[in-house]
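The first residue in the sequence is number 1, and the count goes up from there. Atoms within a ligand are numbered from 1 in the order they appear, just like the ligands themselves.
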Amino acid sequence: MAMPNLSESSQPAASLRIAPLTPTIGAEVHGIDLTRPLDDATLAELKDAWARHLVLFFRDQELTFEQHKALGRRFGELHIHPAAPKDAEHPEILVVHGDDKVEFVAGSLWHSDVSCDIEPPMASMLRVVQVPPSGGGDTLFSSMYAAYEGLSDRMQRFLTGLTAVHDGEQYYRGRYGKGTLRDDDYPSAEHPVIRTHPVTGKPALYVNEGFTTRIKDLPAAESDAVLAFLFRHCAQPDYHCRFRWQENSVAFWDNRCTQHLAIWDYYPETRHGYRVTIKGDAPFYNPDRGHRGQ
Ligand code: SIN
């Protein structure tokens, strides 16, 4: 039998164990060392687990910036944040930090990363290196497949085909200085309210409190009311999992079908991490694929 062509430093997929956090979203992956290059079989197994669980968690991964970026690149080209300050040597690394001096921490309201980009990132991979000593700083993840499925047929039909505006200014103004903006301005984009996941073909709700400011097809009062309802709906705990970080934990989430919320309950303690983000395509809705999870 032909042996797979594995380099000495990579590891076989057979060692992976996937432990779901909830039936809806989230799984912890055991038996993998992310500092070593991923062979193709392990990559395929991770992609399969990721498509099933939407966010994967790993423990004890002491990645250098180079290893973190190399890992991200196994899934796609790296995205550079449109507003945050960048390290000259590692512009692809986003610093996530909270302490007693900051006035905000990244992600402390429900959002899908950088949905204000015309081609929002497909995925994000965050490693937390310092956790608050008394606990706290967990992250909530919510399945937007489940949020879509949780709507009535009537509401699903009403939302399908509508377009929403995602505005970077709402989220970034006052947080990041204008001097670091990618295009000298805040990004803004229009996306379908219900999108089709390009890999699974499943429909997902794609509006979020962080970036979505209005539904274009509706008068302002109706748009405000529908968005307020949808933001509350996405935040229902039965669509969630909650991840408790340890030093060197890594979370890898799919921005196309999840939202997340970083809980800032640890002030004045410090929490610190680094995120690599992977480019994605413009969201679309395809009526021929995947209505109600087919
Ligand atoms: C983020 O939105 O990327 C931050 C998530 C976190 O800090 O848990």
S.K.: Taking only heavy atoms of L126, which atoms of ligand 1 are found under 4.0 Å from at least one of them?
M.R.: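 Numbered from 1, ligand 1 contributes 5 (C), 6 (C), 7 (O), 8 (O).
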
S.K.: Would you mind listing which atoms of ligand 1 come within a distance below 4.0 Å of any non-hydrogen atom of R271?
M.R.: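 Result: 6 (C), 7 (O), 8 (O).
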
S.K.: Within the structure provided, determine whether E190 and H166 are in side-chain contact (heavy-atom separation under 4.5 Å).
M.R.: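 E190 does not reach H166 side chain to side chain.
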
S.K.: Show the atoms of ligand 1 that are less than 4.0 angstrom away from any heavy atom in A106.
M.R.: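 Those of ligand 1 that fall under 4.0 Å from A106 are 4 (C).
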
S.K.: Using a 4.0 Å heavy-atom cut-off, which part of V128 comes near ligand 1: side chain, backbone, both, or neither?
M.R.: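 For V128, there is no contact with ligand 1 at all, from either part.
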
S.K.: Using a 4.0 Å cut-off to any heavy atom of W253, which atoms of ligand 1 qualify?
M.R.: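 Ligand 1 atoms under the 4.0 Å threshold to W253: 3 (O).
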
S.K.: Evaluating non-hydrogen atoms only, which member of H260, M125, Q259 is closest to atom 2 (O) of ligand 1?
M.R.: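 Comparing heavy atoms across H260, M125, Q259, the nearest one to atom 2 (O) of ligand 1 lies in H260.
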
S.K.: Check the pair Y145, T24 against side-chain hydrogen bond (donor to acceptor under 3.5 Å, both in side chains), reporting the backbone distance first and the verdict last.
M.R.: CA-CA 9 Å; Y145 297 142; T24 305; over 6 Å; no

S.K.: I'd like to know if R74 and D40 make a salt bridge, using a cut-off of under 4.0 Å between side-chain N and carboxylate O.
M.R.: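 Between D40 and R74 there is a salt bridge, with a charged N closer than 4.0 Å to a carboxylate O.
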
S.K.: Which atoms of ligand 1 are found less than 4.0 Å from any heavy atom of R275?
M.R.: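 In order of number, 1 (C), 2 (O), 3 (O).
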
S.K.: Salt bridge (charged side-chain N to carboxylate O under 4.0 Å, His left out) for E28 and R59? Distances and angles first, verdict last.
M.R.: CA-CA 8 Å; E28 212 163 304; R59 299 287 186 190; 3.3 Å; yes

S.K.: Relative to the heavy atoms of T139, which atoms of ligand 1 are at a distance of less than 4.0 Å?
M.R.: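 So the answer, numbered in order with elements, is 6 (C), 8 (O).
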
S.K.: Any idea which atoms of ligand 1 are less than 4.0 Å away from a heavy-atom of V96?
M.R.: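 Answer, ordered by atom number: 7 (O).
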
S.K.: Do the side chains of W264 and V102 get nearer than 4.5 Å, heavy atoms only?
M.R.: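 They are in side-chain contact.
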
S.K.: Counting distance only, does the side-chain N/O of Q130 pair as donor-acceptor with the main-chain N or O of H97 below 3.5 Å?
M.R.: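 It does not hold such a pair.
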
S.K.: Do Y172 and P82 have side chains that approach each other closer than 4.5 Å (heavy atoms only, starting at C-beta)?
M.R.: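 Counting from C-beta outward, Y172 and P82 do come under 4.5 Å.
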
S.K.: I need the contact type for W110 against ligand 1. Using non-hydrogen atoms and a strict under-4.0 Å cut-off, is it side chain, backbone, both or neither?
M.R.: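 Neither part.
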
S.K.: What part of L94, side chain from CB on, backbone N/CA/C/O, both or neither, has a heavy atom under 4.0 Å from ligand 1?
M.R.: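 None of L94 does.
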
S.K.: Examine distances only and state if a side-chain atom of N255 and a backbone atom of D113 form a donor-acceptor pair shorter than 3.5 Å.
M.R.: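 Yes; at least one donor-acceptor contact below 3.5 Å.
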
S.K.: Can you name the atoms of ligand 1, numbered from 1 with element, that are less than 4.0 Å from a heavy atom of A262?
M.R.: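 Selected atoms, number and element: 5 (C), 6 (C), 7 (O), 8 (O).
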
